[in-house]
Novice: 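Here it is: the structure, laid out below.
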Amino acid sequence: MYGIGVDIVSIGRIAKSLEKESFLTKVYGEREIALFASENKIKTNSLAANFAAKEAFSKALGTGVRGFELTDVEILRDSLGAPYFEFSGKAKEIVEDKKLDCKVSLSHEKDKAVAFVVIEVKR
């Protein structure tokens, strides 16, 4: 195992941050924004879970958010709704150079969202 990380965030805090358009584009990638923007309504609970996942990823990596942009780390959903990472930019370089396999689990209830990340070295 390379590392594990967990993060919990207040959905209300993310909702307040989303009042500034710059927060959305500074933190989330284009695919994430498209995924959670439906009918002109942002799915704040899912964006909060994704924010927690970005933080949990940085903890599992052991670096904090250094050497890559938060927008380089996107958490998307497969056809069954399961979350998965999609990396770009410097984050992709780090993951590929270190040959890392990154897994994420998300949950949210009431005003909290949580993410758990496991990073392993590919065999």
Side-chain angles (χ1 to χ4, degrees):
M1 178 174 309
Y2 187 87
I4 58 171
V6 66
D7 194 67
I8 187 167
V9 66
S10 164
I11 295 170
R13 182 179 133 224
I14 298 301
K16 185 162 178 61
S17 296
L18 286 168
E19 292 174 6
K20 298 177 187 173
E21 187 176 326
S22 62
F23 177 79
L24 187 67
T25 57
K26 187 176 180 180
V27 174
Y28 302 97
E30 291 178 10
R31 293 170 291 188
E32 287 175 303
I33 294 169
L35 181 64
F36 297 122
S38 62
E39 301 171 12
N40 296 325
K41 182 180 178 192
I42 295 289
K43 295 180 182 175
T44 308
N45 55 352
S46 294
L47 286 173
N50 276 32
F51 183 86
K54 293 166 187 270
E55 290 289 325
F57 169 76
S58 73
K59 292 172 183 178
L61 196 57
T63 62
V65 183
R66 289 182 192 86
F68 63 92
E69 301 295 325
L70 289 174
T71 55
D72 292 346
V73 180
E74 291 186 285
I75 301 86
L76 304 175
R77 307 297 187 275
D78 70 14
S79 61
L80 297 176
Y84 66 93
F85 284 108
E86 199 61 46
F87 299 102
S88 61
K90 295 289 184 183
K92 184 175 183 175
E93 289 178 24
I94 293 166
V95 168
E96 288 180 351
D97 288 349
K98 295 179 181 278
K99 296 179 174 68
L100 302 177
D101 183 28
C102 306
K103 303 293 185 198
V104 62
S105 180
L106 306 174
S107 188
H108 51 76
E109 184 172 338
K110 295 183 184 176
D111 192 42
K112 300 289 184 222
V114 65
F116 185 78
V117 172
V118 174
I119 301 179
E120 297 177 308
V121 178
K122 292 180 185 176
R123 295 180 181 205

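Residue indices begin at 1 and follow the sequence shown. If you're wondering where the values come from, they're calculated on a predicted model, not measured in any experiment.
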Novice: Kindly assign one of parallel, tilted or perpendicular to the pair Phe68 and Phe57, based on the angle between their ring planes and the thresholds 30° and 60°.
Specialist: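 Plane angle over 60°, so perpendicular.
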Novice: Just how far is it from atom OG of Ser88 to atom CZ of Arg31, taken to the nearest 0.5 Å?
Specialist: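 It is 6.0 Å, given to the nearest 0.5 Å.
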Novice: Given side chains that start at C-beta, do those of Val104 and Phe116 come closer than 4.5 Å, heavy atoms only?
Specialist: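 No, too far: nothing below the 4.5 Å cut-off.
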Novice: Can you name the nearest heavy-atom pair linking Ser46 to His108, along with the distance?
Specialist: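 What the structure gives for the nearest pair is OG-NE2, 4.3 Å.
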Novice: Check whether any side-chain heavy atom of Asn45 sits under 4.5 Å from a side-chain heavy atom of Glu109, and report yes or no.
Specialist: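 No, side chains not in contact.
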Novice: Examine Val65 and Ile94 and state if one hydrophobic cluster contains both, with Ile, Leu, Val, Met, Phe, Trp and Tyr joined whenever side-chain heavy atoms are less than 4.5 Å apart.
Specialist: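 Yes, it is one cluster - the side chains of Val65 and Ile94 are joined through contacts under 4.5 Å.
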Novice: Could you walk me through whether Ile75 and Tyr84 pass the side-chain contact (heavy atoms from CB on, under 4.5 Å) check?
Specialist: CA-CA 5 Å; Ile75 301 86; Tyr84 66 93; over 6 Å; no
Novice: Testing the basics here: between Ala48 and Tyr28, what is the closest heavy-atom pair and its distance to 0.1 Å?
Specialist: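 Of all heavy-atom pairs spanning Ala48 and Tyr28, the closest is N-OH, 4.3 Å.
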Novice: Ignoring hydrogens, what is the shortest heavy-atom contact between Asp111 and Ser10? Give both atom names and the distance.
Specialist: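 Smallest interatomic distance, heavy atoms only, reads OD2-OG, 3.1 Å.
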Novice: Say you draw a straight line from CD1 of Ile11 to CG of Leu18; how long is it, rounded to the nearest 0.5 Å?
Specialist: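 Atom-to-atom, Ile11:CD1 and Leu18:CG are 11.5 Å apart.
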Novice: Can you give me the closest heavy-atom contact between Ala115 and Ala56, atom names plus distance?
Specialist: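 Between these two residues, the closest heavy atoms are O-CB, 3.8 Å.
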Novice: Is any side-chain heavy atom of Phe51 less than 4.5 Å from a side-chain heavy atom of Ser17?
Specialist: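 Contact flag for Phe51/Ser17 side chains = no.
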Novice: If you count every heavy atom of other residues, nucleotides or ligands that lies below 6.0 Å from Glu86 atom CD, does the total exceed 12?
Specialist: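 Enclosed: over 12 neighbouring heavy atoms sit under 6.0 Å from CD of Glu86.
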Novice: Side chains of Lys103 and Val117: does their closest heavy-atom pair fall under 4.5 Å?
Specialist: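 Counting from C-beta outward, Lys103 and Val117 never come under 4.5 Å.
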Novice: Could you check whether any side-chain heavy atom of Arg77 comes within less than 4.5 Å of a side-chain heavy atom of Phe36, counting everything from C-beta outward?
Specialist: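 Yes, their side chains come closer than 4.5 Å.
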Novice: Is the side chain of Lys54 donor-acceptor paired with the backbone N or O of Val27 at a distance under 3.5 Å, no angle test?
Specialist: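 Between the backbone of Val27 and the side chain of Lys54 there is a qualifying donor-acceptor contact (under 3.5 Å).
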Novice: Identify whether Ile119 and Leu70 are in the same connected component of the hydrophobic contact network (ILVMFWY, side-chain heavy atoms under 4.5 Å).
Specialist: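 The answer is yes; both residues are in one hydrophobic cluster.
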Novice: Can you get from Leu47 to Leu35 by hopping between Ile, Leu, Val, Met, Phe, Trp and Tyr side chains that sit under 4.5 Å apart?
Specialist: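 Yes; Leu35 is reachable from Leu47 via cluster members.
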Novice: State the CG-OG1 distance between Leu24 and Thr71, to the nearest 0.5 angstrom.
Specialist: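 The OG1 atom of Thr71 is 11.0 Å from CG of Leu24, to the nearest 0.5 Å.
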Novice: Where the side chain of Lys90 meets the backbone of Glu69, is there a donor-acceptor pair that is under 3.5 Å apart?
Specialist: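 Here the side-chain-to-backbone pair does not exist.
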Novice: State, with a plain yes or no, whether a side-chain heavy atom of Val121 is found less than 4.5 Å away from one of Leu100.
Specialist: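 Sidechains of Leu100 and Val121: in contact.
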Novice: Any idea which heavy atoms bring Ala52 and Val9 closest together, and the distance?
Specialist: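 Scanning both residues completely, I find the closest heavy atoms to be CB-CG1, 4.0 Å.
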Novice: Hydrophobic clusters here meaning ILVMFWY residues chained together by side-chain heavy-atom distances under 4.5 Å, can you tell me if Val95 and Tyr2 are in one?
Specialist: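 Hydrophobic grouping puts Val95 with Tyr2.
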Novice: Answer yes if Leu76 and Val118 sit in the same cluster of Ile, Leu, Val, Met, Phe, Trp and Tyr residues linked by side chain heavy atoms under 4.5 Å apart, and no otherwise.
Specialist: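 Different hydrophobic clusters.
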Novice: I'd like to know if the side chain of Glu32 reaches the main chain of Glu74, judged simply by a donor and an acceptor atom lying under 3.5 Å from each other, with no hydrogens or angles considered.
Specialist: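 Such a contact is absent between Glu32 side chain and Glu74 backbone.
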Novice: Rounded at 0.5 Å granularity, tell me how far NZ in Lys122 sits from NZ in Lys98.
Specialist: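 With rounding to 0.5 Å, NZ (Lys122) is 14.0 Å from NZ (Lys98).
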Novice: Which heavy atom of Gly5 sits nearest a heavy atom of Ala60, and at what distance?
Specialist: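 That would be N-CB, 3.6 Å.
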